[in-house]
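Worksheet for the structure shown next.
Quick caveat, the model's predicted, so the values are computed rather than measured.
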Amino acid sequence: MTKHDFDTIVIGGGFAGVTACRDLAEQGYSVLLLEARDRLGGRTWSEHKKIGGWEGTVEFGGQWVYPDQQVNMMAEIERYGLTLKHSPAPVNYPTLRNGRHNPGPLPVPLEDVFDLERAVHQVISDSHRIELGIPLDKQRLEDLDIPFSEYLDNLGVSDAARAFVASFGNFFTGRYQDEVSALPPLQFIAQMGNSFIRAWGVIDEYLAEGTATLITAIADDSGADIRLGTPVDRVEQSDSGVLVTTRSGETFSAGTVVVATPMACWKNIEFNPPLSAHKDAATRENHVAYGVKVWAQVRGATPLPYTLPDPETSHGAALMFTQAEMEGDDQLMVGFFLQHPERESFGTDFQGVERFVQTLYPGAELIDYDIHPFVDEEWTGEGDWIAYKPGRISKSHSELSKPEGRLHFATADIAHTFLAWMDGAVEMGKKAAVDAQRLMTREMIESKVPARAKASAAASTSAQARA
Ligand SMILES: Cc1cc2nc3c(=O)[nH]c(=O)nc-3n(C[C@H](O)[C@H](O)[C@H](O)COP(=O)(O)OP(=O)(O)OC[C@H]3O[C@@H](n4cnc5c(N)ncnc54)[C@H](O)[C@@H]3O)c2cc1C
């Protein structure tokens, strides 16, 4: 067998990458992790911060976990003895559409409740068509892989009921309804036990110690050789191995590679031979969300709200709720708005964030805030989580995670269960490790079988000569 620098090279150190490293190292393989940024965690990033009068762990990216369904994340959280914490329970559910504030308690005005019921009934019956864990291209779901706006029109319900379902989809996909497919939001509802209410209320439990603690625990456990600030530019496969070249020109060889970058970043790496037609098209089609997450100390907002505006008519505002109660009239709030490169956006400076807050809570005051716009970064592919446009996922889902020779692919962006979630990243990291291990085991056996056959042939020849 050819001698390589490492058994496996993992490219990218988010949840998918560190999980693949740990699982492969656990089986005795030598692993090199090459990460472009100067930190691990990718689209998760927690740090101890002060925001105005509040101090604690801020999650700039992925944060919430749904323990009942997200078994992959829960296995990691339990393995490393970490704990989950609840966000404060909201006391009202205001909505905002066409500049009109509906203070709740219902998410639509009273006259729209039957339309809301009809809409939700249709959504749930469509989500029931989706089988969990089976790639979406294997389920005859093309009729649901349509623009979300078209799906909403087909519901045939009142504007308020339509806008409420739309808000849920907009927040989940981080993009406007005409640009994204209806299928992933429906799959998400299927994963939440076919419950719209559970999907709506998913934002509750999060890691008390912060996601960085879990990422570090998994990475440390792997014992892998981890190189930060080392972007990969080229990956070349041959019959005997893979050669990986970094931006600074260093090369490393390995028997297998796990590509654990966001899907939108595959196009920035030169693959030789090139990626399959499905993967190549998917990485170039810009299936990325544009959600920006804000942490803010706000004075004078509605107490303990969970506000879902309609981003189409609210300048891109997508969600805001209370993360921690503070003294007096203040709350630490977390919000999301869309920062679409071709549409109007609040912007991430103080005035922009203040406009966002005041769009939702007129008269409220922004005291302080913190933000990290992943949407501007090369290492996310200039988006944040995955947001499939219509027509791709029902065609390519299983192809996107299919190994190509010695290359294995791992990211939440192609997950079979919780697409776009940390749980999906862990799922795909585990799958890539199993696939890579299977290849290495097969090659090891194949290399030993001829050697053994040769040795036993030689032994029998010399035995014959002695006789
Ligand atoms: C604002 C925001 C809020 C979110 N909220 C939630 C939430 O509440 N719950 C939840 O479950 N999920 C949430 N998500 C989604 C979740 O964070 C991601 O889906 C998940 O973390 C992705 O993990 P990954 O390993 O697939 O990719 P990533 O975390 O993106 O890791 C990929 C790594 O590859 C590296 N990389 C890229 N190109 C190269 C290269 N050429 N060479 C070397 N390295 C490279 C990147 O730097 C990165 O570290 C959120 C995401 C964002 C942005």
For [Y], does its backbone N or O pair with a side-chain atom of [X] as donor and acceptor, under 3.5 Å?
{"X": "T283", "Y": "K279", "value": "no"}
{"X": "S127", "Y": "I124", "value": "yes"}
{"X": "D349", "Y": "G352", "value": "yes"}
{"X": "R118", "Y": "G156", "value": "yes"}
{"X": "T44", "Y": "G41", "value": "yes"}
{"X": "E205", "Y": "P67", "value": "no"}
{"X": "D423", "Y": "N72", "value": "yes"}
{"X": "R39", "Y": "G42", "value": "yes"}
{"X": "E312", "Y": "Q177", "value": "yes"}
{"X": "S396", "Y": "E399", "value": "no"}

Sidechain N-carboxylate O distance under 4.0 Å for [X], [Y]:
{"X": "D145", "Y": "K395", "result": "no"}
{"X": "E344", "Y": "R355", "result": "no"}
{"X": "E285", "Y": "K389", "result": "no"}
{"X": "E236", "Y": "R234", "result": "yes"}
{"X": "D435", "Y": "R438", "result": "yes"}

Measure from NZ or CZ of R43 to the centre of the six-membered ring of W385 and say whether it is under 6.0 Å with the direction within 45° of the ring axis.
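Judged by the rule, R43 and W385 form no cation-pi pair.
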Just checking, any donor-acceptor pair under 3.5 angstrom between side chains of D137 and S398?
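The criterion, which ignores hydrogens and geometry beyond distance, is satisfied for S398 and D137.
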